[in-house]
Amino acid sequence: MVSLLSSFPPNQIHLTSTSKLHQKTSFTENLTKFSNQRKKVFIVCSVNSDDYHSTLKALNSKNRFPRKSLGQHYMLNSAINEQLVSTANVEDGDFVLEIGPGTGSLTNVLIDAGATVIAIEKDPHMATLVNERFAATNRLTVIQEDFTKCNIRSRMLSLLESKNLTVAEKRHAKVVANIPFNISKDVVKQLLPMGDIFSEVVLLLQDEAALRLVDSSTRSSEYRPISVFVKFYSDPEYNFKVPRANFFPQPNVDGAVVTFKLKQPSNYPPVSSTKSFFSLVNSAFNGKRKMLRNTLQHICASSEIEEALTAVGLPATSRPEELTMDDFVKLHNSIVSI
């Protein structure tokens, strides 16, 4: 552990838990104090749980450092991982996709719950580490790939089919992940339209992003196309906040756990084409404060936009921030029928 610890001055590691450590104390004393603090805070952790020291030891075994470019912030509190798995109702026999397993702290809890885990890890060193750690369990498949560039649908279908599962068993697949904050939007966009494979997606996200994705209130400053997208494909729920002190290195923001209960394709809002529907929504928000009869002129004439709005019971002067997801569905279908 020495080589890794010596590379991080105390003021860069953010060893803050319930109180700030005195800056003039030695680094060794700081670590001891921090360790004692964490023992008091996280007494619900099991004997074999992952913590600050085990995380550093695992990283040091591969001579690795948390990389900002990969958004790597490792969870130090096993109790949070246990809450994450409990929120997803992971049971024996479930298939779980994990994104960015890192040192395997969440993977450990998932496997203990009886899940078979499919983990996607961009960092080849972390992919090797987590694969070695759980090799004896026969419950982990590691895919060393960038999730944002991975055809996850094809990967999951191939893996599930190789298990000779029934249709009912395939529906047990879930996503449970502590994802890098900088790819949260990409992850949500890829996963939410996969209700035919996953029953739910439970993610640890940046707190502000979590609130933005769950709150679909019209006229809100946070209301945007992604809000419509989330409601189209899922029923989202904000579960609980995760203070930043639980991560290493400590980020500048808190995290939060959100559950997206995915809709089956047969339960998606009735639109003739999801592609044309979201194209309309995106175009509408290109001028969020402008009237739809102006922002959608490239689709059809202003008079026809007004006619479509009136036909679905909306004012001819409507702006995108005033329409709910259902309103957009009705407007799209009305315009298509013109």
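All values derive from a computational prediction rather than experimental measurement.
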Is there a donor-acceptor pair closer than 3.5 Å between any side-chain N or O of Asp254 and the backbone N or O of Arg244?
yes

Could you tell me how the ring of Phe328 sits relative to the ring of Phe285: parallel (under 30°), tilted (30 to 60°) or perpendicular (over 60°)?
tilted

For the student: nearest non-hydrogen atoms of Leu140 and Asn131, plus distance
CD2-CA, 4.3 Å

In terms of hydrophobic clustering (I, L, V, M, F, W, Y; side-chain heavy atoms under 4.5 Å; direct or indirect links), are Val228 and Met291 co-clustered?
no

What's the shortest heavy-atom distance between Pro320 and Lys290, and which atoms?
CD-O, 3.3 Å

Residues Glu304, Arg293: salt bridge by 4.0 Å N-O rule:
no

Does the Ser86 side chain pair with the main chain of Glu82, one donor and one acceptor, at a distance under 3.5 Å?
no

Under 3.5 Å, side chain of Asn282 to main-chain N/O of Ser279, donor-acceptor pair present?
no

Between Pro269 and Lys231, is there a side-chain heavy-atom distance shorter than 4.5 Å?
no

When you look at CD of Gln297, are more than 12 heavy atoms from neighbouring residues, nucleotides or ligands closer to it than 6.0 Å?
yes

Can you name the closest pair of heavy atoms from Phe181 and Leu204 and give their distance?
CE2-O, 4.1 Å

Check whether Ser302 reaches the backbone of Asn294 with its side chain - one donor and one acceptor, N or O, closer than 3.5 Å.
no

Would you mind checking if Arg153 and Asp196 are paired as a salt bridge, meaning a charged N to carboxylate O distance below 4.0 Å?
yes

Do Glu145 and Arg155 meet the salt-bridge criterion of a basic N to acidic O distance under 4.0 Å?
yes

So which atom in Val130 and which in Gly102 form the shortest heavy-atom distance, rounded to 0.1 Å?
CB-O, 3.9 Å

Give the minimum heavy-atom separation between Phe198 and Leu262, together with the two atoms involved.
O-CD1, 3.6 Å

Using the rule given for ring-ring contact (aromatic ring centres under 6.0 Å, His included), can you reason through Tyr233 versus Phe260, listing the C-alpha separation, both sets of side-chain angles and the distance that settles it, and then say yes or no?
CA-CA 9 Å; Tyr233 288 113; Phe260 302 92; over 10 Å; no

Checking Arg139 against Asp92 for the salt bridge (Lys or Arg N to Asp or Glu O under 4.0 Å) test, could you report, in this order, the C-alpha distance in whole Å, the side-chain angles of both residues, the deciding distance, and whether it holds?
CA-CA 11 Å; Arg139 286 195 170 188; Asp92 187 41; 3.6 Å; yes

Lys185, NZ atom: more than 12 neighbouring heavy atoms under 6.0 Å:
no

Working to the nearest 0.5 angstrom, can you tell me the gap between Ser318 OG and Leu309 CG?
5.0 Å

Looking only at heavy atoms, which two atoms of Val329 and Pro270 are closest? And how far apart?
CG1-O, 3.8 Å

